[in-house]
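Chain naming here is simple, since letters A, B, ... match the order of the sequence lines and numbering starts at 1 in each. None of these values were measured; they are calculated from a predicted model.
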Number of protein chains: 2
Amino acid sequence: MIESDELLSIRAAELYYEEDKTQDEIGSILTLTRWKVGRLLAQAKASGFVRIEIVHPRARRLPVERRLRETCGLTDAIVVSTAGVDDQDELQARTAQAAADYLASLRPAPRTLGISWGRTLDDVARHLQDGWAGGVDVVQINGGVSLNRRAGTAASTAVTIAQKAGGHATLLPSPAILERLETKRAIESDRAVAAVLDLASGADAYLFSAGAADAGSVLVDSGYLTADDIAALVRAGAVGDVVGRYVDGSGAIVDPRLDERTVGLSLESLRAAQLSIAVIAGSAKHAVASAVVRSGLCTVLVTDEDTALHLIENHPAVPDSKGQRGTE
Amino acid sequence: MIESDELLSIRAAELYYEEDKTQDEIGSILTLTRWKVGRLLAQAKASGFVRIEIVHPRARRLPVERRLRETCGLTDAIVVSTAGVDDQDELQARTAQAAADYLASLRPAPRTLGISWGRTLDDVARHLQDGWAGGVDVVQINGGVSLNRRAGTAASTAVTIAQKAGGHATLLPSPAILERLETKRAIESDRAVAAVLDLASGADAYLFSAGAADAGSVLVDSGYLTADDIAALVRAGAVGDVVGRYVDGSGAIVDPRLDERTVGLSLESLRAAQLSIAVIAGSAKHAVASAVVRSGLCTVLVTDEDTALHLIENHPAVPDSKGQRGTE
DNA sequence: CGTGCGGCTGCTCATATGAGCAAAGATCGC
DNA sequence: GCGATCTTTGCTCATATGAGCAGCCGCACG
């Protein structure tokens with residue numbers, strides 16, 4: 001575009017978008033035909049001089065969603081706008097809201113929904129509307145938090161989601177991580193636990209989040225792990241946890257021995273699911289989000305714009321476990 | 001607007017603006033008639049959820065210009081966009097560019113143009129295009145800088161503007177501020193100086209800027225005033241200088257004794273002019289800009305968006321008792 | 001100096017959109 | 001329970017806009 005045209009297109013855009021003039025009027029102001037004005041306007045848009053933004057806590061970024069879906073091979077992607085959000089809590093709230101909306105909009109609604117627990121999921125539960133579905137049974141897919149005063153949030157998340165959908169919640173009566181492998185094996189074979197795990201593995205859909213590998217993790221908070229444990233995991237390449245299991249950048253289990261002591265659905269089952277919805281927001285979770293998406297842990301991702309852009313930019317790497325699911 | 005409609009209007013706006021869908025298509029996606037969609041879109045715009053911004057160094061803010069013109073009773077106002085500008089130099093450059101454009105667009109072009117000098121004006125001169133007018137004579141309206149190595153910028157500003165318009169520059173052969181009143185009277189009555197002042201007072205148009213009342217002022221830089229002088233002026237209520245004369249928030253001369261020793265057009269002459277263009281940019285100059293506009297020193301203001309908004313917000317408020325009461 | 005080509009211009013025509021209006025609903029007071 | 005009033009809805013019609021095309025200009029090349 002020639003410089004003079006560029007300037008004209010800016011003047012035209014000002015008159016069109018800020019003054020609500022018609023292209024014809026602009027034509028007579030700038031002494032141009034109205035077709036020329038139309039072309040200048042088109043140029044202005046194409047060159048990105050005209051920026052249209054939707055500013056609203058519930059606003060989504062449809063073009064980003066599309067790119068995310070395409071570059072990462074997701075069935076669906078929900079990306080909330082970051083515009084004007086300063087703090088991470090707000091971001092998480094918006095994302096949780098979007099996840100709740102998405103869940104409620106699923107047709108057909110899942111009959112059984114497997115969920116993990118954590119701050120994010122709890123937020124999603126709170127944002128769901130009463131009656132968001134008609135009778136959805138909720139099953140926990142990993143061991144609950146129960147070591148300290150926080151006891152009950154895991155349960156309450158599940159119960160809330162189920163109640164609001166007019167269904168039942170089935171809790172997994174087990175700690176998240178056991179100290180000894182034998183205990184873990186024992187509890188897993190207990191009929192009550194086994195039944196829940198069985199139910200969980202047959203769920204129509206899964207909804208889970210992921211935690212960053214830092215000392216603020218709920219697993220540390222709940223007393224299952226210490227800050228030192230986390231540091232060791234990070235040294236071994238951990239970027240975060242998914243349903244209580246720590247993974248590296250490619251989505252592989254970092255510490256198999258720890259993983260064996262962790263009760264819940266395996267990551268393989270999650271990868272094999274028809275519909276698994278990950279809800280991940282915040283800059284601290286970019287790395288885990290990457291691992292989740294790359295390794296095919298979710299078919300649907302609900303996230304914020306910044307995270308989405310991060311994923312899109314860094315995607316080309318590591319196609320491995322994804323390929324097994326057959327994306328050509 | 002009801003909550004559900006608000007959300008719908010956001011969804012509609014996303015599809016319309018981000019996905020370029022037609023209102024009809026949106027209608028079938030959201031199961032609404034296309035008229036409803038049109039109304040939702042109108043609501044979204046009206047509620048400010050849709051923000052359209054023109055992002056370009058030469059972009060102006062027409063609606064702000066209008067408000068500025070109306071609330072401050074200006075003949076004309078030029079407001080450059082602040083979008084994405086972090087540093088004040090860039091802001092000043094954009095404003096200077098806009099001033100140059102405005103000057104070049106004046107019809108009829110002034111035959112004689114009175115100008116002040118300073119960093120801003122110099123910037124305007126540099127941004128003017130060669131041949132921006134056909135033969136404009138430029139006259140300095142206040143004493144030049146000549147005490148130190150910066151000597152000549154005042155002259156070069158005038159000469160540049162004149163040259164680019166194919167006209168002559170008439171310099172004011174006098175210091176800006178004299179130490180003794182007698183000297184000032186004497187120099188003023190000198191034929192060469194008097195002739196220039198006379199020419200200046202008869203100019204068709206004036207172009208000037210204003211300085212903030214701080215130690216970074218060109219008057220300090222040039223050695224006419226010391227940082228202490230400025231501090232004293234500020235204590236006396238000064239907010240900045242216009243053509244070398246320090247004014248308070250209401251545009252009144254702060255120190256009449258200093259003012260008497262200042263050579264150049266009086267503020268009254270400037271106020272009486274048919275066309276006087278002030279070019280003022282930057283957050284440091286909000287206060288002077290206010291004084292200039294309130295006291296009718298300019299008929300046209302070229303400024304940046306932030307300054308413009310500041311002026312609009314603080315206009316109705318009477319000049320100020322704040323300055324008089326002193327800021328401790 | 002002619003000739004062929006690419007880009008720009010101004011047009012026609014189909015389509016998308018906004019204004020305005022009558023009918024249908026909703027809301028309120030009585 | 002019943003109008004009266006105000007809002008919302010779906011429409012018609014006029015207008016604004018975008019797609020596509022023929023002619024024109026400038027340019028490079030033979």
Side-chain angles (χ1 to χ4, degrees), chain A residues 1-56 58-63 65-67 101 105 129-131, chain B residues 1-56 58-63 65-67 101 105 129-131:
Chain A
M1 202 195 305
I2 311 96
E3 153 113 22
S4 65
D5 260 22
E6 181 171 320
L7 221 115
L8 268 182
S9 75
I10 296 299
R11 297 287 152 253
E14 288 162 357
L15 292 163
Y16 191 73
Y17 293 106
E18 302 195 327
E19 298 287 84
D20 293 311
K21 302 247 182 251
T22 164
Q23 300 190 358
D24 221 352
E25 292 175 290
I26 298 173
S28 51
I29 293 173
L30 303 177
T31 51
L32 297 165
T33 64
R34 86 165 189 274
W35 297 284
K36 179 71 180 169
V37 174
R39 279 168 191 139
L40 288 172
L41 252 16
Q43 280 184 337
K45 246 202 223 166
S47 325
F49 299 145
V50 176
R51 183 189 297 161
I52 302 184
E53 213 179 5
I54 298 169
V55 195
H56 192 278
R58 307 280 282 261
R60 284 164 50 185
R61 284 285 103 103
L62 267 25
E65 293 182 356
R66 193 212 321 280
R67 278 198 287 155
D101 290 347
S105 75
Q129 286 222 325
D130 250 323
Chain B
M1 202 195 300
I2 311 96
E3 154 112 23
S4 65
D5 260 23
E6 181 171 319
L7 220 113
L8 267 183
S9 74
I10 296 299
R11 296 287 153 254
E14 288 163 356
L15 293 164
Y16 192 71
Y17 293 105
E18 301 194 329
E19 298 287 87
D20 292 311
K21 302 248 182 250
T22 168
Q23 300 190 0
D24 222 352
E25 291 176 290
I26 298 173
S28 52
I29 294 173
L30 303 177
T31 48
L32 297 164
T33 64
R34 86 166 189 273
W35 296 284
K36 180 72 181 171
V37 174
R39 280 169 189 134
L40 288 173
L41 251 16
Q43 281 183 337
K45 248 203 221 166
S47 324
F49 299 145
V50 176
R51 185 189 295 162
I52 302 185
E53 215 180 2
I54 299 168
V55 194
H56 192 279
R58 306 281 282 261
R60 282 165 50 187
R61 285 284 104 106
L62 269 23
E65 293 183 358
R66 193 213 321 280
R67 278 198 287 155
D101 290 348
S105 75
Q129 286 224 324
D130 251 322

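E25(B) has no carboxylate O lying under 4.0 Å from a charged side-chain N of R34(B), or vice versa, which leaves the two without a salt bridge. Between E6(B) and R58(A) there is no salt bridge, since no side-chain nitrogen of the basic residue lies less than 4.0 Å from a carboxylate oxygen of the acidic one.
Between L32(A) atom CG and dC11(C) atom P there is a gap of 13 Å when expressed in whole angstrom units. Put simply, CG on D5(A) is 15 Å from P on dG7(C), counting in whole angstrom units.
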ask   = What is the per-nucleotide protein-contact pattern of nucleotides 16-22 of chain D, from the 5' end, where B denotes a base atom under 4.0 Å from a protein heavy atom, S denotes such proximity for sugar-phosphate atoms only, and - denotes neither?
value = SBS-B--

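Under the 4.5 Å side-chain criterion, counting only non-hydrogen atoms from C-beta, R51(B) is not in contact with R51(A). Side-chain contact between V50(B) and I52(A) is present, with heavy atoms from C-beta onward closer than 4.5 Å.
Contact annotation: T33(B) side-chain N/O to dG10(D) OP1/OP2 distance is under 4.0 Å.
Put simply, the side chain of T33(B) gets close to the backbone of K36(B): a donor and an acceptor are under 3.5 Å apart.
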